[in-house]
Amino acid sequence: MGQANNEQVLPLLPLRGVLVFPYMVINLDIGRDMSVAALEEAMLNNDRRILLATQIDPEIEEPNPDAIYKVGCIAEIRQLLKLPGGTTRVLVEGIKRAKIIKYLDTDKFFQVKVQVFAESVDESPEMIARTRYLTNLFEQYIKLNKKIPAEALVNIATIDEPQRLADLIAGHLALKIPEKQKLLEAIDIQERLEKLIEILTSEIEILEIERKIGNR
């Protein structure tokens, strides 16, 4: 499976209307034959590892490589369940960002060569300050946005790794797919934190205005 210089060959599962970040644990319902074949390949020959990449247009039934974003998330299959009616439910956990370099096979399922992105560790005072600021913003956001369970904050309050924090927060935000994709493609952690701070600041402003209107 793995090769030198951080390249791997993996089966690809194209996602429709959903995007998975590292550290995210999510159930996906899979119906398409190619997607089921990709899952089977991952279980048999790839150590339960699969690349999840989102379709640019979720309406396309049989996407070609051009219809799928290039940056996706390598995930581990935690559980696989065959449901009545031919659907397969799969529980996956996102692990690392990766970029599709080349499609090797597009016959029964998509097999791709990917470049895996390593996360750099930055423990500078500036990074620590930015990480704390992001946690505080998310706290404000949760207080205003009743749709997010309070335990999300408990989980996030204990995290001081910037990468993990950023991806867990990104997973909780109700953003459109292109915006989520930009966060997934922000390989540089500084850039990712900046984007999240910008998004949260703007969302908090909107929620504050909505609350004021509601109070009138």
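In this text the structure is predicted, and so the values were computed from the model without any measurement.
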Exercise. Can you sort out the partners of Arg32 under salt bridge (charged side-chain N to carboxylate O under 4.0 Å, His left out), two or more places apart, ordered by chain and number?
Key: none
Self-check item: salt bridge (charged side-chain N to carboxylate O under 4.0 Å, His left out) partners for Glu126, two or more places apart
Solution: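 For Glu126 the salt bridge (charged side-chain N to carboxylate O under 4.0 Å, His left out) partners, ignoring immediate neighbours, are Arg130.
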Are the side chains of [Y] and [X] in contact, using a 4.5 Å heavy-atom criterion?
X	Y	value
Tyr69	Pro178	yes
Met127	Leu193	yes
Tyr103	Leu12	yes
Asp167	Arg97	yes
Leu184	Pro22	yes
Ile156	Leu165	yes
Ile169	Leu200	yes
Gln8	Ile74	yes

Quiz prompt | Salt-bridge present (Lys182, Glu179; N to O < 4.0 Å) | solution =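 A salt bridge is absent here (no side-chain N lies under 4.0 Å from a carboxylate O).
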Quiz item: Using 4.0 Å as the upper bound for N to carboxylate O, is an ion pair formed by Glu40 and Lys108?
Solution: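 Looking at Glu40 together with Lys108, the answer is no, because their closest N to O distance does not fall below 4.0 Å.
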Is [X] reaching over with its side chain to a backbone N or O of [Y], donor-acceptor style, under 3.5 angstrom?
X	Y	value
Ser35	Gly31	no
Arg48	Ile77	yes
Gln79	Asn27	no
Arg192	Ile187	yes

Does [X] belong to the same Ile/Leu/Val/Met/Phe/Trp/Tyr cluster as [Y], with side-chain heavy atoms less than 4.5 Å apart forming each link?
X	Y	result
Phe109	Leu13	no
Ile95	Ile100	no
Leu91	Ile30	no
Val36	Val18	yes
Leu207	Leu134	yes

Exercise. Please check if atom CG in Asp57 has more than 12 non-hydrogen atoms from other residues, nucleotides or ligands closer than 6.0 Å.
Key: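 Yes - once you tally the heavy atoms of other residues, nucleotides and ligands closer than 6.0 Å, there are more than 12.
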Practice problem: Using a cut-off of 6.0 Å, state whether more than 12 heavy atoms not belonging to Lys99 lie near its atom NZ. | Solution: no
Practice problem: Take Leu173 and Glu203 through the test side chain to side chain contact (heavy atoms under 4.5 Å, CB included) and record every step on the way to the result. | Solution: CA-CA 10 Å; Leu173 298 179; Glu203 288 291 318; 5.8 Å; no
Self-check item: Derivation of the side chain to side chain contact (heavy atoms under 4.5 Å, CB included) call for Leu19 and Leu183
Solution: CA-CA 11 Å; Leu19 184 145; Leu183 286 169; over 6 Å; no
Practice problem: Tell me, with the steps shown, if Leu10 and Ile50 meet side chain to side chain contact (heavy atoms under 4.5 Å, CB included). | Solution: CA-CA 6 Å; Leu10 291 167; Ile50 194 161; over 6 Å; no
Kindly compute the distance separating [atom1] ([X]) from [atom2] ([Y]), expressed to the nearest 0.5 Å.
X	Y	atom1	atom2	result
Lys143	Glu139	NZ	CD	4.5 Å
Ile204	Arg211	CD1	CZ	11.0 Å
Arg78	Glu93	CZ	CD	4.0 Å
Met24	Leu168	CE	CG	9.5 Å
Asp66	Ile56	CG	CD1	8.0 Å
Gln140	Asn136	CD	CG	7.0 Å

Quiz item: Should the pair His172 and Phe138 be assigned to parallel (<30°), tilted (30 to 60°) or perpendicular (>60°) ring geometry?
Solution: tilted
Which atoms form the tightest heavy-atom contact between [X] and [Y], and what is the distance?
X	Y	value
Phe110	Pro63	CZ-O, 3.2 Å
Asp29	Arg89	OD1-NE, 2.7 Å
Ala98	Leu51	CB-CD1, 3.9 Å
Ile68	Ala53	CG2-CB, 3.6 Å

Quiz item: Arg49 and side-chain contact (heavy atoms from CB on, under 4.5 Å): which partner among Lys96, Glu76, Met43?
Solution: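 That would be Glu76; it is the only one of Lys96, Glu76, Met43 passing the side-chain contact (heavy atoms from CB on, under 4.5 Å) with Arg49.
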Practice problem: Verify side chain to side chain contact (heavy atoms under 4.5 Å, CB included) between Leu196 and Leu137, making sure each step is shown before the conclusion. | Solution: CA-CA 10 Å; Leu196 276 168; Leu137 274 180; over 6 Å; no
Quiz item: ring-ring contact (aromatic ring centres under 6.0 Å, His included) with Phe117: which residues, sequence neighbours excluded?
Solution: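 Phe117 satisfies ring-ring contact (aromatic ring centres under 6.0 Å, His included) with no residue once adjacent residues are dropped.
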Quiz item: Hey, mind stepping through Glu191 and Lys195 against salt bridge (Lys or Arg N to Asp or Glu O under 4.0 Å) and telling me if it holds?
Solution: CA-CA 6 Å; Glu191 187 194 335; Lys195 275 191 197 316; 3.4 Å; yes
